[in-house]
Amino acid sequence: MLPSIVAVGTIPLPPNSNCASLQRRRNTSPSSSQHHTITLLRRCKTIQELHQIHAKILKTGHSQDPHLLFKLLHHCSTLNSIDYAFKLFETIQAPDVYHYTALICGSIVSGHSDACFRLFFRLLEGQIMPDLVVISYVLKACGIELSMEEGRQVHGHALKLGVGNERLVSMRLIEFYGKCGVFGDAEKVFDGMPQRDAVATTILISCYSDWSFIEKARTLFDNVGDKDTACWTAMINGLVENGMTSAALELFREMQGEKVPPNEVTVVCVLSACSQLGALELGRWIHSYVGRFGIKRNTYVGSTLVDMYSKCGSLEEAKKVFDEMPNKDVVSYNSMIAGLALNGRSREAAELFKQMIDRGLSPNHITFVGVLNACSHGGLVELGYEIFESMTKVFSVEPRIEHYGCMVDLLGRVGRLDEAYEFIGRMRIQPDHVIWGTLLNACKMHRNLDLAEKVAEILMKSDAADSGTYVLLSNVYASFGKWSEAVGIRSKMKDHGIQKEPGCSSIEVDNEVHEFLLGDIEHPRRDEIYQKLEELSDALKLEGYSPEKQVVLQDIEEDEKEWALSIHSERLAICYGLISTKPMATIRVVNNLRVCNDCHSLIKFISKITGRRIVLRDRNRFHHFEDGFCSCGDYW
DNA sequence: CCTGTGTAGA
């Protein structure tokens, strides 16, 4: 389908306009005073300096100099001051297409892509001739915002202006249609490009990955003759984003085999795979790679390293990278705060939050997720309230559902259940199944059947419930001995075709990640692992360990493999660690679900009798086991 | 030109 052209009205096409000649060239060369100001702007490092330069321009009567205004606008976006850019823009009496482009570009960079289409519309209304550059940026914005209608209209304008086949426009069109998931149109533009364009292919690969069409992406990728760094990186990232971390790492190895040099983006993607897998050794290796191969240590690389070390349970290394980062930004702080929270260092997380404020950085919504999460993990109720209040009052950050979620968790975890319930009632947005699930779990922890039933009823009615919610519901009923309800949930799950997410644990030994699924293992050293398991259980019995008869979903299943299923994958991974690593080595295991009470106390005992440090990462935090104790203080 | 960081509950 061709995009609608009429929707935005007539475009003022000047007579004899030949769009191929629409090049961005100014017919005047800057005067020497302009030149001086531009040099000042280029050296300008803070928005305050920019204000001064602007003041000077006003004083010298150049307030409407188009070239200077363009440079000013452009610099606002590099200095992250889109607000000032908008104010400045409004003072321009006759903005031209360059001013619009600068503002649109700045809006995209600062995460305000939604403003771009409005600006473009204003440009058209002002009888200003758009060019291929401004069209390209607006298309980019439409892709980010998934604005189907707007993007189609811009496509129409591009065709009408005759720039529809410009390489830049074609690429943005592919990006726009691809991001919106309209691959028919994306492919149509792609096929219309003169030659098989490697860059355009990279865009398409990335879009297919965004929509989880990994096979499509892979086919395109395999057919690119001369793959550059970005192309490899796009494919690696696609695999990482779709949870295919092992395949991503394999592709990274292949990339090295092909002697394509990775850049900082590649490193970020591979580190992200390490974080997901908990592959500390590999992560360290990539880190050393950064130093050795001249990869830029920008804030992306730094923050990702902090995240990787945190998620691999090595907080010391995370802190070291963080402390050594020269230009820490909000994201760097966010990584470190979340990392501290994840590892149960709540006070330190809160202190770092204070420190970032003192340094004049503005916290964003993610910062607050991190620090509120730290409060809830640490039981810091009053501090949590204080910070939550400060969001709107001090920092003008509107709380989102996840912030409310942190607060419900904070209150529920310490047993202030009614307060949590009332808190949900006062929320300014509709609570979702996550919020109710959080409260329900708190009810289970604190054995409040009345409230649990009330919440369960609400959850049953919600249609957004996912497999985790169903499992939670069923476990809650079972834990209160409500068998028929528990069975009812289970059959409801079956009816809805919802599968329980299988438990999976992984452990990295000698740079290789070994994955274990619940119960059945197809591991070369299966017998030794099971032998170790037996051995431990005998030793544990002597130590006085008796498994809590936790009633879980499996107990009401008729399953001949029940015994195997009762062995959670983290136990298998730990046993494998015990038999395959040096006697005093720390064992690091990553699990995809929450560790159950039973495994948690079992692992405490294992750490005691084997003298090993065991670091277990579960769904949302770390447990550092040592000599019979866990860093979470059994509070998780 | 294309590729990238940080995010509550279970």
Side-chain angles (χ1 to χ4, degrees), chain A residues 136 140 166-172 174-175 197-207 209 224 227-238 240-241 262-272 275 298-308 310-311 329-339 341-342 363-377 399-410 412-413 431-442 444 459 465-476 500-501 592-594 596 618-620:
Chain A
S136 305
K140 188 175 191 68
E166 289 284 341
R167 185 161 177 265
L168 188 61
V169 175
S170 295
M171 294 208 282
R172 298 293 194 223
I174 294 168
E175 186 181 14
D197 191 300
V199 176
T201 316
T202 303
I203 298 173
L204 209 45
I205 287 172
S206 144
C207 292
S209 304
V224 180
K227 302 190 240 302
D228 65 0
T229 302
C231 189
W232 281 94
T233 307
M235 193 64 235
I236 290 171
N237 187 51
V240 175
E241 299 265 276
N263 63 12
E264 42 288 344
V265 185
T266 324
V267 160
V268 165
C269 297
V270 177
L271 282 173
S272 165
S275 306
N298 57 22
T299 48
Y300 281 83
V301 174
S303 306
T304 313
L305 278 169
V306 170
D307 181 59
M308 182 277 292
S310 300
K311 289 198 177 133
D329 64 1
V330 200
V331 181
S332 328
Y333 274 92
N334 289 353
S335 287
M336 197 65 244
I337 290 171
L342 193 70
N364 62 16
H365 62 113
I366 294 169
T367 320
F368 286 106
V369 172
V371 71
L372 289 176
N373 194 218
C375 293
S376 95
H377 289 184
R400 301 187 183 189
I401 192 92
E402 53 267 40
H403 303 111
Y404 288 107
C406 292
M407 291 304 290
V408 173
D409 192 45
L410 171 65
R413 212 174 272 282
D432 63 0
H433 68 279
V434 176
I435 298 274
W436 291 118
T438 306
L439 182 57
L440 181 61
N441 193 47
K444 182 179 160 219
L459 267 173
D466 57 4
S467 86
T469 311
Y470 279 103
V471 174
L472 172 65
L473 269 170
S474 170
N475 285 348
V476 167
K500 200 164 56 164
E501 195 178 337
N592 66 333
L593 304 173
R594 286 297 287 278
C596 73
D618 78 8
R619 188 85 164 193
N620 52 354

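All values derive from a computational prediction rather than experimental measurement. Letters A, B, ... mirror the listed sequences (proteins, then strands); counts begin at 1.
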Give one of base, sugar-phosphate or nothing for A:T266, where a contact means two heavy atoms less than 4.0 Å apart.
-> nothing
Any side-chain N or O of A:N441 less than 4.0 Å from the OP1 or OP2 oxygen of B:dG9?
-> no
Please confirm whether any donor atom in the side chain of A:T304 sits under 3.5 Å from an acceptor in the base of B:dT5, or the reverse.
-> no
Verify whether one side chain among A:S310 and A:D307 offers a donor that lies under 3.5 Å from an acceptor in the other.
-> no
The side chain of A:E175 lies closest to which of these nucleotides: B:dT3, B:dT7, B:dC1?
-> B:dT3
When you get a sec, tell me which of B:dT3, B:dG6, B:dT7 is the closest nucleotide to the side chain of A:E402?
-> B:dT7
Spacing of A:H403 atom NE2 relative to B:dA8 atom P, expressed in whole Å = 10 Å
Describe the nucleic acid contact of A:I401 in one word from base, sugar-phosphate, nothing, applying a heavy-atom distance below 4.0 Å.
-> base
Of the nucleotides B:dC1, B:dG6, B:dG9, which one has an atom closest to the side chain of A:I366?
-> B:dG6
Side-chain touch A:Y404/A:P431, heavy atoms, less than 4.5 angstrom | no
Are any of A:R172's side-chain N or O atoms less than 4.0 Å away from OP1 or OP2 of B:dC2?
-> yes
To the nearest angstrom, how far is A:N334 atom CG from B:dG6 atom P?
-> 10 Å
How about A:I401 and A:V434: do any of their side-chain heavy atoms sit closer than 4.5 Å?
-> no
So what does A:I203 hit on the nucleic acid, given a heavy-atom distance under 4.0 Å: a base, only sugar-phosphate, or nothing?
-> sugar-phosphate
Nucleotide B:dC2, atom P - distance to CD1 of A:I205 in whole Å | 15 Å
How is A:D432 classified with respect to the nucleic acid when contacts are heavy atoms under 4.0 Å: base, sugar-phosphate, or nothing?
-> base
For B:dA8, does OP1 or OP2 lie under 4.0 Å from any side-chain N or O of A:H433?
-> no
Sugar-phosphate only, base, or nothing, as touched by A:R400 at under 4.0 Å among non-hydrogen atoms = nothing
Looking only at B:dA8, B:dG4, B:dC2, the nucleotide nearest the A:T202 side chain is B:dC2
Is A:K227 touching bases, backbone alone, or none of the nucleic acid, heavy atoms closer than 4.0 Å?
-> nothing
Looking only at side-chain atoms of A:R167, point me to the closest of B:dT3, B:dC1, B:dG9.
-> B:dC1
Is the shortest heavy-atom distance from the side chain of A:C207 to the side chain of A:I174 under 4.5 Å?
-> no
With a 4.5 Å heavy-atom cut-off, do A:V224 and A:T202 have their side chains touching?
-> no
To the side chain of A:V369, which of B:dG9, B:dG4, B:dT7 is closest?
-> B:dT7
Please determine if a side-chain N or O atom of A:K311 lies less than 4.0 Å away from the OP1 or OP2 oxygen of B:dT7.
-> yes
Take the protein atom CD1 of A:I174 and the nucleotide atom P of B:dT3, then report the distance between them rounded to whole Å.
-> 12 Å
Between B:dC2 and A:N237, is there an OP1 or OP2 to side-chain N/O distance shorter than 4.0 Å?
-> no
Sequence neighbours left out, what pairs pass salt bridge (Lys or Arg N to Asp or Glu O under 4.0 Å) with at least one residue falling in residues 401-410 of chain A?
-> A:D409-A:R413
Closest to the side chain of A:T233, out of B:dA8, B:dT3, B:dT5, is B:dT3
Nearest-Å distance, NE2 (A:H365) to P (B:dT5)?
-> 14 Å
Look at the side chain of A:N263 and decide which nucleotide, out of B:dT3, B:dG9, B:dT7, has an atom nearest to it.
-> B:dT3
Could you state the CG-P distance from A:L271 to B:dT5, rounded to the nearest angstrom?
-> 11 Å
To the nearest Å, give me how far apart CG (A:L372) and P (B:dA8) are.
-> 11 Å
Nearest-angstrom distance from the residue atom CH2 of A:W436 to P of B:dG9 = 17 Å
Do A:V331 and A:T299 have side-chain heavy atoms sitting under 4.5 Å apart?
-> no
